[in-house]
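Since the structure comes first, as structure tokens, the remarks are kept for the end.
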Amino acid sequence: MGKDAVKLIANNKKAYHDYFIEDTYEAGIALHGTEVKSLRMGKCSIKEAFVKVDKGEVYVYNMHISPYEKGNIFNKDPLRVRKLLLHKSEIRKMVGSITQKGYTIVPLKVYLKGSYVKVEIGLARGKKLYDKRQDIAKKDQRRDAERNYKVSNLYS
């Protein structure tokens, strides 16, 4: 793996379904020893995870990192609260945005960038039910168009 090679560990597809993602930030994450080994093996889930800002620091809750098999006593709680590492200016910008009605911060991806574990978090605005229906309809139309295009190319 190269210096800037990116390897995706976990992706939060549910966030794109439930929210409009307005802005994204790349954050480091404070981890303990065996958690990094577990992440390198791809044992992570951010489906139920959410991000909170507390006293000028950003934390991710409900991010599940499975315990490392060979870790014994050094393993930490899989669902413990983990601190995200961001610049103060980015945190101030996010706090200003989430004070507006309907905005929240959600984790979108966990990935390895070189030897570092990074979390992509997004400033998100909740979707209403009709927005979700529109997205599903667009996806269906795109799928049908691709299918028709594929079929017409087979017979020509």
Side-chain angles (χ1 to χ4, degrees), residues 1-129 131-132 134-136 138-140 142-143 146:
M1 196 156 92
K3 188 175 171 93
D4 288 326
V6 175
K7 180 188 173 218
L8 187 67
I9 298 169
N11 196 359
N12 192 354
K13 291 179 184 172
K14 190 178 174 206
Y16 290 102
H17 183 263
D18 292 342
Y19 301 99
F20 292 113
I21 307 301
E22 307 272 318
D23 203 2
T24 60
Y25 300 91
E26 182 181 68
I29 184 167
L31 298 169
H32 289 283
T34 56
E35 290 178 324
V36 178
K37 291 182 178 185
S38 190
L39 281 171
R40 286 191 185 282
M41 291 168 47
K43 308 247 194 240
C44 177
S45 171
I46 55 172
K47 278 188 176 66
E48 301 297 320
F50 61 96
V51 177
K52 274 190 181 177
V53 180
D54 185 35
K55 297 176 188 159
E57 294 185 337
V58 184
Y59 297 94
V60 64
Y61 294 80
N62 284 355
M63 179 177 164
H64 188 276
I65 298 177
S66 299
Y68 184 59
E69 292 103 46
K70 300 179 182 83
N72 58 42
I73 60 167
F74 300 109
N75 283 334
K76 298 286 182 187
D77 176 31
L79 288 173
R80 74 181 184 84
V81 178
R82 295 171 180 89
K83 184 176 175 180
L84 295 180
L85 310 170
L86 286 156
H87 291 283
K88 243 185 186 98
S89 59
E90 290 177 321
I91 295 171
R92 272 194 233 110
K93 200 170 166 185
M94 280 193 294
V95 169
S97 298
I98 60 173
T99 53
Q100 296 176 24
K101 189 172 180 269
Y103 280 93
T104 187
I105 307 170
V106 290
L108 302 173
K109 293 179 193 169
V110 178
Y111 55 94
L112 286 166
K113 188 174 184 182
S115 60
Y116 298 109
V117 177
K118 299 286 186 177
V119 179
E120 185 177 283
I121 57 176
L123 185 64
R125 187 169 42 92
K127 282 186 183 177
K128 304 278 190 264
L129 186 61
D131 291 327
K132 292 179 189 177
Q134 285 175 349
D135 282 355
I136 291 169
K138 283 180 191 171
K139 205 180 286 181
D140 287 344
R142 195 178 314 117
R143 195 178 304 121
E146 286 174 3

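Just so you know, these numbers use all the heavy atoms, side chains as well, and skip hydrogens, waters and symmetry mates. This one's a predicted model, so the numbers in the text were calculated from it and none came from an experiment.
Residues V58 and E90 have side chains not in contact (no heavy-atom distance under 4.5 Å, counting atoms from C-beta outward). Side-chain contact check for M63 versus I29: some heavy-atom pair is nearer than 4.5 Å. Residues R143 and D140 are in side-chain contact: their nearest non-hydrogen atoms beyond the backbone lie under 4.5 Å apart. Using a 4.5 Å cut-off on side-chain heavy atoms (C-beta onward), M94 and L86 make contact. Considering only heavy atoms from C-beta on, K14 comes within 4.5 Å of E48 through its side chain.
Summarising the geometry of N62 relative to F50, their closest heavy-atom pair is ND2-CE2, 3.7 Å, with the distance given to 0.1 Å. For A15 against P107, the heavy-atom pair with the smallest separation is CB-O, 4.5 Å. Of all the heavy atoms in L123 and S97, the pair that sits closest is CD2-CB, 3.3 Å. Residues L31 and R80 approach most closely at CA-NH2, 3.9 Å, considering heavy atoms. Annotation for I46 and N12: closest pair O-ND2, 3.3 Å, computed over non-hydrogen atoms. The two atoms that bring Y111 and L8 nearest to each other are CB-CA, 3.9 Å, heavy atoms only.
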Stepwise side chain to side chain contact (heavy atoms under 4.5 Å, CB included) check, I65 with R82 | CA-CA 11 Å; I65 298 177; R82 295 171 180 89; 3.5 Å; yes
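One distance of note links NZ of K37 with CG of L39; it measures 13.0 Å at 0.5 Å rounding. For the atom pair NZ of K93 and NE2 of H87, the computed distance is 12.0 Å after rounding to the nearest 0.5 Å. Here K13 contributes atom NZ and K47 contributes atom NZ; the two are 8.0 Å apart, rounded to the nearest 0.5 Å. Expressed to the nearest 0.5 Å, how far CD1 of I105 lies from OH of Y59 amounts to 13.5 Å.
Judged by distance alone, with hydrogens and angles left aside, the side-chain atoms of K7 form a donor-acceptor pair with the main-chain N or O of R40 at under 3.5 Å.
The local environment of OH in Y116 is sparse, with at most 12 non-hydrogen atoms from other residues, nucleotides or ligands closer than 6.0 Å. Summarising the local packing, NZ of K118 is surrounded by more than 12 heavy atoms from other residues, nucleotides or ligands at distances under 6.0 Å. When the shell of 6.0 Å around OH of Y19 is examined, it contains 12 or fewer heavy atoms from other residues, nucleotides or ligands. Heavy atoms of other residues, nucleotides or ligands lying less than 6.0 angstrom from CD of E26 number more than 12.
Partner of L108 under the side-chain contact (heavy atoms from CB on, under 4.5 Å) criterion, chosen from N11, I21, I121: I21.
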